[in-house]
Structures are given as structure tokens and as C-alpha cells.
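These numbers come from a predicted model, not from an experiment.
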Protein chains: 2
Amino acid sequence: MPVKPPSDSTGERRGTSYDVARLAGVSQSAVSRCFREGGSVSPATRKRIMAAAEALGYRPNAIAQGLITRRSNMVAVVISNLTNLHYPEVLAELTTRLSNRGIRVLLFTLQNESEIDAVMDQIWRYQVDGAIVAARLSRDQAEVFARSRIPLVLYNRQMEEAPVSSVMCESGAGEAMLVDGMIAAGARAFGLIAGPGDSTVGEARVRAAVERLAQAGLRDVPVDRGDFSYQSGYDAALRLMKAAPLDAIIAANDVMAIGAMDAVRIECSLAVPDRVSVVGFDGVAPARWASYRLTTVRQPVGRMTEAAVSMLMDRIEDASIGPERRLFSGDLLRGASARLA
Amino acid sequence: MPVKPPSDSTGERRGTSYDVARLAGVSQSAVSRCFREGGSVSPATRKRIMAAAEALGYRPNAIAQGLITRRSNMVAVVISNLTNLHYPEVLAELTTRLSNRGIRVLLFTLQNESEIDAVMDQIWRYQVDGAIVAARLSRDQAEVFARSRIPLVLYNRQMEEAPVSSVMCESGAGEAMLVDGMIAAGARAFGLIAGPGDSTVGEARVRAAVERLAQAGLRDVPVDRGDFSYQSGYDAALRLMKAAPLDAIIAANDVMAIGAMDAVRIECSLAVPDRVSVVGFDGVAPARWASYRLTTVRQPVGRMTEAAVSMLMDRIEDASIGPERRLFSGDLLRGASARLA
DNA sequence: CTGTTAGCGCGTTCAG
DNA sequence: CTGAACGCGCTAACAG
């Protein structure tokens, strides 16, 4: 990479601990100690050093610190599609919480899953202290983290066969509440809108709903598939309704549910929830908008992100801590898009 | 301690260029050259080095590289409220584009504007090559970047009195199109929903609308204020409608416009756009949802983020390039929430 | 409590 | 084309 020419014309280099030391008339290591936690420095010299540092606008160089400490105080956050409406909230919470603990976020967003390898390369090069991944990870890729000794926490992803730490929002209880409520209110003709087949959470939600429906004696429920987007939910709902009239639609996430509501109400001209109930999963902000008032299961994003961060930090502090999975349950958000008993 | 710890399972340090050099039987500097652009290495030794690197899973340590080259290949991205629905899209685009140029994103999100100082401290410590800021910055804070010689580009913010690079979506043309269209279609009783007073883009949009209305002979247009959130748009619309019946509402952003639509249609039971036209600004995804089909001005996010990134990169490569402002115009998105002629 | 000394892992002259 | 030597800015023993 092209190196910038050293201090062209007026370009003064940024002050180092050495400059501060000279100005304060002490050794460089005194300055270093002054900026660390348990540094033993006499109040008098500390004062002098701080004054000198202030005068020079000195701040310890985190890059140099990282090189010698082997702690970059950076954590990689990998998110697949930021446009998914639920993730921005997750990302904001993660960033805030990490920041509160003095950790910086190195952000990686993926368009295609294939980019993950390039990302892992960068993660490795940047000596991040750990990684939180909200994207599909193959078993091999998870292994790389393990071999590299980079603590890893998956967010709403699961690694069935490998022992990897993760936090998830469990789908069973939530879907059961939705299904039970709708059945009790008289719904019988159900339809499902699944997410992309490679989404573990999406599949888990659909599976949970299907199982609960089966327990209630409802089998062979039609399932269509979307990609978690509004349009895909809209289209899937239309296909389902065309194939057979339904009185309840369960979508794998809120945005598709919203799309389904619009399709049912606007294109099919059927009242929601009077003729058709629609439910989702996530609890994104638009689900509460007055035009939708979606009945859904809200993920406890605050507790989940806090869990992810603290699990990661624990494993950064002590690399010997083994993997752990934490499962959270969602809260039923009683909107007005489904008849629930 | 010159003795390298044996690769027992606990202590395994990551391989360095020295390790690669030893395995390949060359010097460390040969390895270094091998991983740089124009490094002069004979094909034979290059092959040996690459083989050794492969065997050890060696990757250059970006932290160490940054220390010596003074280029971290990291750029700080500062965003105020990620939950604002328009910003996730911006962030995703910025990240992708930076990533394509081999730059990593160090993300900072702000809850309160007061956090900006702590963020600037971190930006400085981490030796980022530059910063893209989509948050309010005081003149003094911008000065800090200048003094620190950290290239800075503001995104949709403007610094009136100071020469700072920025990319903005210009409001005048867009608001004019909206206003003119609605007036031509017969609207006369306008109401405005502004953003928070400290938002330069928000104020600019309102000012643009007010001016255009004044040109058309419409003065003393009532203005209420929100904070860019759905609820605040909803509430503001109710207050406006209660004070005086309106036939057109102009909101400073899409999310408030959506809130206003819901207030008008659901709480006031007035048809949109038949009785009341509602328009926004941004062009966020939900604006296109069938329940809203918001008439709005879409920001050219792709071109704007590309501009921000390339402006920043240019100034990173050549620090002597002066500030520049780039103004983009939005496209009118003809939805169905306003009667436009 | 303070200074001295040794690196962290790498890029880069400058001799050979 | 290659290697020895130096230093980026800092932390961490270790003496004094």
C-alpha cells in the first residue's frame, strides 16, 4: 500500500508519548504508566505529565497499544443484510453496548454469503479481540475462529453440529402462542410464509408453527417461501390465497407479514383480521404503525444483545471458557392483525 | 526471551513474517516484499515464500502494518441514530463501497450528541485514515479533524461557516416539485411538519417548502415539529389538523409523513389523498409499501455514498486537496399520497 | 516511584 | 534480487 510521504510541508506529526515525556522532563515510560490503570506515578509528576499531554493534545496511539498488548479493543460485527429492518436495531444496540465497555466495532456487511471468506481474512488480519456474527457461517468457517482463538458469538444463528456460542430467540413458545390463539379464535385454514431455506431462524419458526398446528390436528398446511422482504411476503400471500382461501397467515418475519397484510387487504380486498389473520415475528418498529398494528412476537433485542456482548467479553477475558448457548423467548405483541382468543 | 514457545495447544501464537521467513529459508524482509505491491522478488523464492505462508496460514498483521505505514486502512463512520430507517441503507452502502476499496469501517453510533466528543477521542486514537460523519458536528469539532489532518466528509450535514467537505441531497428542487404539484392540483391549506431544530437537512427542507409556498402567495403556513419518528409525525399531524383543517401536509422526512398519513386517515378519518395530501422526503423502503405509496423525494443514496467515499479516498491519498461540497438532487417519487398535477 | 531496556510485527533504506 | 539493521509508538519487566 502506498505510504504517505512523511510530513509534507506543514504536516506536523502527531505527538507521541516521547514528546510528552520530553516536555514534562520525564521518561517515556512514566508517560505510559500515567495513561494506564494501575500505573504508579507520584501526584506531582502525574500533574506535569498531564499538563504536557494536554498542551500537545496527546492521546495514546491505540494501534501501537494493540500491537504490544495483543488486544486491539476491536470486535468484528458481521451482519448479512442491514436492510432487513430488524438488524439496524440489533447493530445499534450491539455498538452501544460494546462502546460502553470500551470496545470499538469493526463492521462488516455481507451482500452475498460468499463474501464471508474475505471478511474472515480481514478479521484475522486486524487482530480483533472477538466477533459477533449475524450471518450464515459454515461449520468450517466457525472452525477457523476456533483455530485462530478468536472468541465468537453467533447472533440468531445456530450451529447444530459444532459447539459455538450463540444467542437466539427461541421460536417454539412464540409460535405456539400465535397458533393457539388463532385456533382458539376459530382459524382453521392456515398458510405459512417461510424465509429463505438457508435461514436457520426462519426455518425454526416455520417448523415450530407447523408442529403446533399438527398437534392441533391441522396438517398439510400450505407453505410458500419468501426472502424476508416486503415484496416477497406480498407475493407469497397472493400465491397462497390464490391456491386456497385462508383465514390465517403466519409469516417468518414481520416485514413479510406486513407485505402479506397489504396483499390480503388491498389486492384481495379481504378484511384483516376479520376475514384473515396475519402474524409475524420480530417486533420491528413498523409493526406498530397504525396501519398495521401487527400481531407478532417481539424479540427481546436489549437482553439478547447484552447477552451476546457479555458472553463475548467473558471469553475475551478468559479464553478457556467453553461455548454456551443462550435462548430467549419472545413476548407476544397483541396487535390488531389477528383474531386471538 | 528468544526461545519460541513450542506449539503446545495452549500457547500457540499466530505466525509472523519471521516464521514464514525461517520456514522458507529467506529473510523477513523478503517475506514483507512478497506481500507488497511492487516487491522485487524472484519467482522462485516467491513460490517458496508463498508455500511457507500457506502452510502457516500467515496473513500480514494489519495492526503492525498500520503502525509502520501510518495507514490503518480504517475509516470511521459516525451515524447519529441508526433507527432512523434511512440510515441503515446509507450505512450498508458506505460499508460496501469502502470495503470494495480495501477499507474497513470503524463504526460509531450516537444516542446523544454529547457522545461525539468521546467518539472523536477514539477516532484520533485509532489512527483512522478518514471519517464520514452523518451526525451533527459543531464547528469546533470539525476543526479538530482539520487540525488532526484527518480527512472528513459530512453526509447530509452542512457546515455553513467552515470549509468542510460534504455531500448533501439538495432540498429546493424536490420541495418545489412537491409544492408546485400540490398547488396545481388545488391544495391551498398547507401544514408543515419539521424535524428537530438542530437538524440542518430538516430545516433546509422546511425552509425550501416555506419559500416555495410564499412564492405562490401562501404565507404563514402553520409549522409543527417532530423528531423524525413515526409517532412524532402522527402527533404533529393531529395537532395541525386540530388547529385548522388542512388539505396538504409536508413532512421533513418519510417516516413522519407516514405517521401523518396514519393520523389523518385513521384518527381523523379523512381520505388521503382525496381530502388531504401528504408528502415526505427520503424515499425509504416503507414509503413504497402498498398501504402508503407515499409521494416523496428519493435521495440518490447510491450516488451520494459513492461520492462521499470517493471524496474521502481522494483526500486520504492526497491531503492537500481542499474541501468540496457536492449537492445532489432527489427524484420525485410519484406515490399515491398526494394529488399532484 | 522512576528510568532503562527490550521487544510487539512489520515496511523500508542501504549494502552486497 | 536479497538480507541486515533500524524504527513506527507503545507496554512491561527490571533495576535503581
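Checking the phosphate oxygens (OP1, OP2) of dG9(D), no side-chain nitrogen or oxygen of S17(A) falls inside 4.0 Å. Between R36(A) and dA12(D) there is a side-chain N or O to OP1 or OP2 distance below 4.0 Å.
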Atom pairs under 3.5 Å, N or O on each side, protein against nucleotides 2-4 of chain C: can you list them with distances?
{"residue": "dT2(C)", "atom": "OP1", "partner": "S42(A)", "partner atom": "OG", "Å": "2.8"}
{"residue": "dT2(C)", "atom": "OP1", "partner": "T45(A)", "partner atom": "OG1", "Å": "3.2"}
{"residue": "dT2(C)", "atom": "OP2", "partner": "S42(A)", "partner atom": "N", "Å": "2.7"}
{"residue": "dT2(C)", "atom": "OP2", "partner": "T45(A)", "partner atom": "OG1", "Å": "3.0"}
{"residue": "dG3(C)", "atom": "OP2", "partner": "S27(A)", "partner atom": "N", "Å": "3.0"}
{"residue": "dG3(C)", "atom": "OP2", "partner": "S27(A)", "partner atom": "OG", "Å": "3.3"}
{"residue": "dG3(C)", "atom": "N7", "partner": "S29(A)", "partner atom": "OG", "Å": "3.1"}
{"residue": "dG3(C)", "atom": "N7", "partner": "R33(A)", "partner atom": "NH2", "Å": "3.3"}
{"residue": "dG3(C)", "atom": "O6", "partner": "R33(A)", "partner atom": "NH1", "Å": "3.1"}
{"residue": "dT4(C)", "atom": "O4", "partner": "S29(A)", "partner atom": "OG", "Å": "3.4"}

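Atom CD of Q65(B) and atom C1' of dC8(D) are 13 Å apart (whole Å). Between R48(B) atom CZ and dC1(D) atom P the separation is 15 Å, expressed in whole Å. Rounded to whole angstrom, the span from the CD1 atom of I63(B) across to the C1' atom of dC10(C) amounts to 12 Å. Rounded to whole Å, the distance from CG on L56(A) to C1' on dG9(D) is 15 Å. Per the geometry, OH belonging to Y18(A) stands 14 Å off C1' belonging to dC8(D), to the nearest Å. Summarising the geometry, the separation between CD1 on I68(A) and P on dG9(D) is reported as 14 Å, rounded to the nearest angstrom. One can place CD1 of I49(B) at 12 Å from P of dC1(D), the figure rounded to the nearest angstrom. If you measure from atom CZ of R71(A) to atom P of dA12(D), you get 12 Å, rounded to the nearest angstrom.
Shown for residues 121-130 of chain A: no residue has heavy atoms falling under 4.0 angstrom of DNA chain C.
Of the residues listed (V309(A), V167(A), V90(A)), the one engaging M304(A) in a side-chain contact (heavy atoms from CB on, under 4.5 Å) is V167(A), and it is the only one.
In this structure, CG on L94(A) lies 10.0 Å from CD on E306(A), to the nearest 0.5 angstrom. A distance of 9.0 Å separates CD in E324(A) from OG in S166(A), rounded to the nearest 0.5 Å. E115(A) CD to T109(A) OG1: the interatomic distance, rounded to the nearest 0.5 Å, is 7.0 Å. The structure places CG of L67(B) at 6.5 Å from CG of N61(A), a figure rounded to the nearest 0.5 Å.
Here the shortest heavy-atom pairing between I49(A) and V20(A) reads O-CG1, 3.8 Å.
Annotation: the terminal axes of the helix from dC1(C)-dG16(D) to dG16(C)-dC1(D) meet at 40°, where each axis is the rotation carrying the C1' atoms of four end pairs onto the next four (5 pairs per end, rounded to 10°).
Residues in residues 24-34 of chain A take part in these side chain to side chain donor-acceptor pair (under 3.5 Å) pairs, two or more places apart or across chains: S17(A)-Q28(A), S27(A)-S29(A).
The main-chain N or O of D129(A) is never found under 3.5 Å from a side-chain atom of R71(A) such that the two would form a donor-acceptor pair.
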Atom pairs and distances, donor-acceptor, side-chain atoms in residues 152-163 of chain A, under 3.5 Å, two or more places apart:
{"residue": "N156(A)", "atom": "OD1", "partner": "C169(A)", "partner atom": "N", "Å": "3.0"}
{"residue": "N156(A)", "atom": "ND2", "partner": "Q299(A)", "partner atom": "OE1", "Å": "2.8"}
{"residue": "R157(A)", "atom": "NH2", "partner": "Y87(A)", "partner atom": "OH", "Å": "2.4"}

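Contacts of R59(A) classified as side chain to side chain contact (heavy atoms under 4.5 Å, CB included), with partners at least two apart in sequence or in another chain: D121(B), W124(B), R125(B).
When heavy atoms are screened at a 4.0 angstrom cut-off, F35(A) is found touching no nucleic acid atom at all. Residue S32(A) is classed as a base contact, given a heavy-atom separation below 4.0 Å to a base.
Surrounding CD of E317(A) are more than 12 heavy atoms belonging to other residues, nucleotides or ligands, all under 6.0 Å away.
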After noting the C-alpha distance and the side-chain angles of H86(B) and V301(B), does the key distance pass the side-chain contact (heavy atoms from CB on, under 4.5 Å) rule?
CA-CA 9 Å; H86(B) 179 59; V301(B) 180; 3.6 Å; yes
